[in-house]
Amino acid sequence: MGDYPMQTHETNCAVAEQLSGYLDDELTQQEQQRVMVHIRTCHSCKALLEEMTTLRGDMKRAVHVSADARDLPKVMNDRSARFLGWFGWIALVLGALLLTTFFFWDLAVELLTDRNVPWWVRLGIAGVYLGFIGLFLMVLRQRLIASKTDKYKKVKL
Ligand SMILES: [Zn+2]
């Protein structure tokens, strides 16, 4: 009968039963010293203890990793979500502004530079455009104030 790999570190010593307690600091000082002295001379118990220490280390590391994974959604909600919300809002405003400019700029330039259009009509067109820009900025400002107020209300709740 040859040795099985699983049985390499098994031992018949009585001390072997106390190795788990030795790792967890559950033994009395007397028992702990007995294990320590025994390990110095017994190869199989020493190997078994090293194997157990490695296993415990792996378990502790696994617990640490899962704790980090648990914190991840919290971090995502607190920082990234808020940042993405602001980023989306700013992108939307800039996009709307660019599209508005693109659609109305050519028309405005054509009407304002056309010699056949009387000066007071051109002045009226300029007034309408300036009015639109003013209204847009006012709405933008109101939205910014409203979002700040919403945040304050949420914090208060
Ligand atoms: Zn032993």
Side-chain angles (χ1 to χ4, degrees), residues 5-10 15-29 31-33 35-36 39 45-157:
M6 290 288 288
Q7 292 171 328
T8 332
H9 298 316
E10 276 185 17
V15 165
E17 287 170 25
Q18 296 183 312
L19 288 178
S20 172
Y22 176 77
L23 277 175
D24 292 333
D25 280 328
E26 283 168 357
L27 302 181
T28 65
Q29 208 164 344
E31 286 172 322
Q32 214 161 347
Q33 250 169 354
V35 172
M36 262 162 65
I39 282 165
C45 282
K46 197 185 176 204
L48 187 61
L49 185 71
E50 272 166 11
E51 204 172 82
M52 285 168 89
T53 309
T54 311
L55 265 169
R56 304 261 163 132
D58 285 347
M59 270 162 69
K60 272 180 191 164
R61 236 171 288 140
V63 168
H64 276 297
V65 167
S66 66
D68 287 346
R70 235 183 297 131
D71 289 339
L72 196 62
K74 226 187 289 168
V75 174
M76 287 290 284
N77 278 337
D78 283 348
R79 302 210 174 159
S80 298
R82 204 178 296 161
F83 171 77
L84 284 172
W86 274 104
F87 181 79
W89 174 241
I90 289 163
L92 189 72
V93 168
L94 282 177
L97 194 65
L98 282 170
L99 282 177
T100 309
T101 307
F102 177 76
F103 280 120
F104 290 101
W105 185 257
D106 276 352
L107 185 65
V109 166
E110 201 176 308
L111 286 171
L112 288 171
T113 54
D114 193 341
R115 287 287 165 193
N116 296 323
V117 177
W119 66 267
W120 51 271
V121 172
R122 278 185 260 162
L123 194 67
I125 291 161
V128 167
Y129 276 86
L130 283 173
F132 267 120
I133 292 166
L135 283 173
F136 177 81
L137 288 175
M138 192 195 75
V139 169
L140 181 65
R141 186 173 152 74
Q142 278 178 341
R143 287 306 309 160
L144 285 171
I145 291 165
S147 70
K148 270 180 197 161
T149 313
D150 287 349
K151 240 190 229 168
Y152 181 63
K153 275 178 191 160
K154 269 178 208 161
V155 170
K156 255 190 129 181
L157 280 170

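Numbering of residues begins at 1 and proceeds along the displayed sequence. Everything quoted here is computed from the prediction, not taken from an experiment.
- Across all non-hydrogen atoms, the minimal contact from Leu48 to Ala16 is CD2-CB, 4.2 Å.
- One distance of note links CD1 of Ile145 with CG of Leu140; it measures 10.0 Å at 0.5 Å rounding.
- Taken to the nearest 0.5 Å, the CG atom of Leu123 stands 11.0 Å off from the CH2 atom of Trp120.
- Here Val121 pairs with Val117, Pro118, Ile125 under the side chain to side chain contact (heavy atoms under 4.5 Å, CB included) rule; sequence neighbours left out.
- Closest approach of Leu27 to Gln18, counting heavy atoms only: CD1-O, 3.6 Å.
- Contact of the Tyr22 side chain with the Glu31 side chain is not registered, since no non-hydrogen atoms from C-beta on lie closer than 4.5 Å.
- Applying the side chain to side chain contact (heavy atoms under 4.5 Å, CB included) rule to Thr100 yields the partners Phe104; only residues at least two apart in sequence or on another chain are considered.
- Rounding to the nearest 0.5 angstrom, the gap separating the CG atom in Leu23 from the CG atom in Leu19 is 7.0 Å.
- Distance CG/Leu49 to OG1/Thr54: 9.0 Å, rounded to 0.5 Å.
- Considering only residues two or more places apart in sequence or on other chains, Asp24 meets the side chain to side chain contact (heavy atoms under 4.5 Å, CB included) condition with Ser20, Glu26, Arg56.
- The environment of Phe132 atom CZ is sparse: at most 12 non-hydrogen atoms of other residues, nucleotides or ligands sit within 6.0 angstrom.
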